[in-house]
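Given the structure is predicted, the values throughout are model-derived calculations rather than measurements. Counting from 1, the numbers follow the sequence of the chain as shown.
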Amino acid sequence: MAINPPVDATTTQAWKALDEHLSALRAEGINLKQWFADDADRVDALSFDAGDLHFDFSKNLIKPQTLALFADLAKQVKLDERINQQYTGVHINNTEDRAVLHTALRRPVSDEGKYIVDGQDVVKDVRETLDRIYAFANRVRSGEWTGVSGKKIETVVNIGIGGSDLGPVMVYEALKPYADAGISARYVSNIDPNDLAEKTKGLDPETTLFIVVSKTFTTLETLTNARCARTWLLDALQANGAIDGSEAARKDAVAKHFVAVSTNLEKVAEFGIDPNNAFGFWNWVGGRYSVDSAVGTSLAVVFGPERFEEFLQGFHAIDEYFATTPFEKNAVVIMGMLNVWYRNFFKVASHAVLPYDQYLHRFPAYLQQLTMESNGKSVRWDGTPVTTDTGEIFWGEPGTNGQHAFYQLIHQGTQLIPADFIAFVNTPNPTKDGDQDVHELFLGNYLAQTKALAFGKTADEVRAEGTPEEIVPARVFEGNRPTTSILGDALTPFSLGELIALYEHVTLVEGTVWGVDSYDQWGVELGKQLAKQITPAISQDDDALAAQDASTQSLIQFYRAHRK
């Protein structure tokens, strides 16, 4: 099926209407405090539920009628067509001629036979792979699968990079309270030798299982780390007498302590991994959209198949909500359109994601790849230049840590920085400090920050506190700093799946407005290619050195002079 050229959003009536709407808001004066005072129904009109997540958009720089204009823009850029194409397997990743079917990774068994893409029953393929992963996970969790010396696996070490690392490590950290089999996980991604050295420090090689995650089994960083991990394992096993130095013993050890997530079974076998212990995924699964595929095998081992299924069900709940809810009431679409509103109409460059849950401390880093690799583009999917600014710099840290670090810039800096505040009503670790519920103290900060950002503090209010006049200006908060509040019941596998799917689809909404292919990532390729050319020059190849630019030559010469 041919892909239509993107609609130039800036030429639509809806874009013009939004521009006029913003001019009217500015002429009136953008004043959240006044808007709340004038409209008793504002919060109700700008609050929505999706799955078991609650969204309050009322502290954004919009009025209830703005939502209709957002919906008009979504319709005029044909968002409904893009959603349908994605869900049904049209090759909307046209620069790589691939379908974009991460939503198929979480479809229920009942959907088998309903989605035939490129001749394959994609849901059937997914469920068959999941069954294999679950069987393997149960063997490891029960102790049926053992290391070479017969000991139960206690630590899983996932070796991957990019989407093969950021997703699994984020989810592992987020769901730690659900680890119930006495198995912990560590994640190695960086080719810097320090990463593998620290992640293997203190491990017992007899109880360690490595999962090497590389679709092609050719990723430079991942395969380098895998080979180094294999050397570490064999040397350590031999040193403590678990194996002798024979080739047969070493081969057996690799087969018992390494599995793969890959579709290149030939290279998997060359490494020493039994191809029966390799779990594949498909070219329609982008790396940054893959945590709910075989890339999440480490999670199925640590948390178990039942929890992994709950995780997938959370994704699917938001997939269905996004595809079936009218745009003007669709929290996912509204979030995406808010990001366009701030990026293109307010000329905002960055976006903060501030989870008030320590278990989500890696969530902002995960979103950096999801959003910035997807929409950090300057050409549209038909190869023409973009007609708007695209992409946002996503960043953040958990509250309350961020409050004591960078919130100063958000509150009183010269940049407008929209922020998503995420929290949960219940905690797995309820604690009292005397009579004070510590989680309520924590949530008090979550609520206070959005209130302070929205409504600020006037000079008169500062003076009324007895503040000396000379420092009144320093203590004024202008307010009108936009935030979205997302509140859930508890951080569970289901709700985490919902959160991830939420931002996946927000990314699609923005990418559709901007007309970009959100699913390729050619920007990461050039550096990889150049690294292969430059690496030989670092230590020995003078011809390769001579081929470099003057700056690179100078830096390499400094390296050679100082390497011990």
Side-chain angles (χ1 to χ4, degrees), residues 89 91-102 104-105 117-120 122 125-126 128-130 132-133 136 156-169 187-192 195-196 209-231 254-255 258-300 369-370 373-374 517-533 535:
H91 288 208
I92 62 171
N93 178 358
N94 59 302
T95 70
E96 297 179 290
D97 192 23
R98 292 177 179 176
V100 179
L101 271 173
H102 44 273
L105 295 170
V117 178
D118 301 332
Q120 296 298 119
V122 293
D125 290 349
V126 166
E128 287 176 352
T129 299
L130 282 171
R132 291 185 60 235
I133 292 168
F136 167 72
V156 174
V157 179
N158 187 92
I159 301 176
I161 198 166
S164 298
D165 170 76
L166 284 164
V169 72
Y187 293 84
V188 178
S189 56
N190 201 332
I191 199 172
D192 182 339
D195 194 12
L196 181 65
L209 175 70
F210 291 94
I211 302 177
V212 184
V213 185
S214 172
K215 185 188 294 187
T216 61
F217 226 69
T218 58
T219 309
L220 173 68
E221 296 90 344
T222 299
L223 270 294
T224 300
N225 279 328
R227 289 189 293 268
C228 291
R230 182 177 59 188
T231 299
V254 172
F258 277 84
V259 300
V261 174
S262 179
T263 52
N264 192 334
L265 298 184
E266 183 178 342
K267 287 196 177 294
V268 166
E270 284 176 14
F271 186 89
I273 296 172
D274 184 343
N276 290 321
N277 297 325
F279 309 100
F281 54 112
W282 305 270
N283 70 4
W284 42 259
V285 183
R288 57 194 175 275
Y289 297 89
S290 67
V291 67
D292 46 338
S293 72
V295 168
T297 297
S298 62
L299 306 171
Q369 185 194 25
L370 174 62
E373 195 167 86
S374 293
D517 178 353
S518 298
Y519 305 105
D520 62 9
Q521 58 281 329
W522 296 107
V524 306
E525 294 300 320
L526 179 58
K528 291 181 182 179
Q529 296 166 4
L530 292 178
K532 292 178 181 177
Q533 300 169 20
T535 299

Within 6.0 Å of CD in Glu266, more than 12 heavy atoms from elsewhere: no
Are the side chains of [Y] and [X] in contact, using a 4.5 Å heavy-atom criterion?
| X | Y | answer |
| --- | --- | --- |
| Tyr289 | Leu105 | no |
| Lys528 | Leu220 | no |
| Thr297 | Phe136 | yes |
| Asp118 | Trp282 | no |
| Phe271 | Arg230 | yes |
| Asn158 | Val213 | yes |
| Thr263 | Asn283 | no |

To the nearest 0.5 Å, tell me how far [X] [atom1] sits from [Y] [atom2].
| X | Y | atom1 | atom2 | result |
| --- | --- | --- | --- | --- |
| Ile159 | Ser298 | CD1 | OG | 11.5 Å |
| Asp195 | Tyr187 | CG | OH | 13.5 Å |
| Asp97 | Thr95 | CG | OG1 | 9.5 Å |
| Thr224 | Asn190 | OG1 | CG | 11.5 Å |
| Glu270 | Asn264 | CD | CG | 8.0 Å |
| Gln369 | Ser374 | CD | OG | 8.0 Å |

For [X] and [Y], which heavy atoms make the closest approach, and how far apart are they?
| X | Y | result |
| --- | --- | --- |
| Ile191 | Glu221 | CB-CG, 3.7 Å |
| Ile133 | Ala300 | CG2-CB, 3.9 Å |
| Val122 | Leu101 | CG1-CD1, 4.0 Å |
| Ala229 | Phe258 | C-CZ, 3.9 Å |
| Val117 | Gly89 | CG1-O, 3.7 Å |
| Thr216 | Ser262 | C-OG, 4.1 Å |

Pair Phe210-Val188, side-chain contact (heavy atoms from CB on, under 4.5 Å): steps then yes or no: CA-CA 10 Å; Phe210 291 94; Val188 178; over 6 Å; no
Results of side chain to side chain contact (heavy atoms under 4.5 Å, CB included) for Asp274 - residues two or more places apart only: Asn276, Asn277
Is a side-chain N or O of [X] found less than 3.5 angstrom from the main chain of [Y], in a donor-acceptor match?
| X | Y | value |
| --- | --- | --- |
| Lys215 | Val285 | yes |
| Arg288 | Leu166 | no |
| Thr535 | Lys532 | no |

From CA spacing to verdict: side-chain contact (heavy atoms from CB on, under 4.5 Å), His91, Trp284: CA-CA 9 Å; His91 288 208; Trp284 42 259; over 6 Å; no
Working for side-chain hydrogen bond (donor to acceptor under 3.5 Å, both in side chains), residues Ser214 and Thr219: CA-CA 6 Å; Ser214 172; Thr219 309; 2.9 Å; yes
Worked check of side-chain contact (heavy atoms from CB on, under 4.5 Å) between Leu299 and Val291: CA-CA 9 Å; Leu299 306 171; Val291 67; 4.0 Å; yes
Glu96, His102, Arg98 screened by side-chain contact (heavy atoms from CB on, under 4.5 Å) with Tyr519, the one that passes: His102
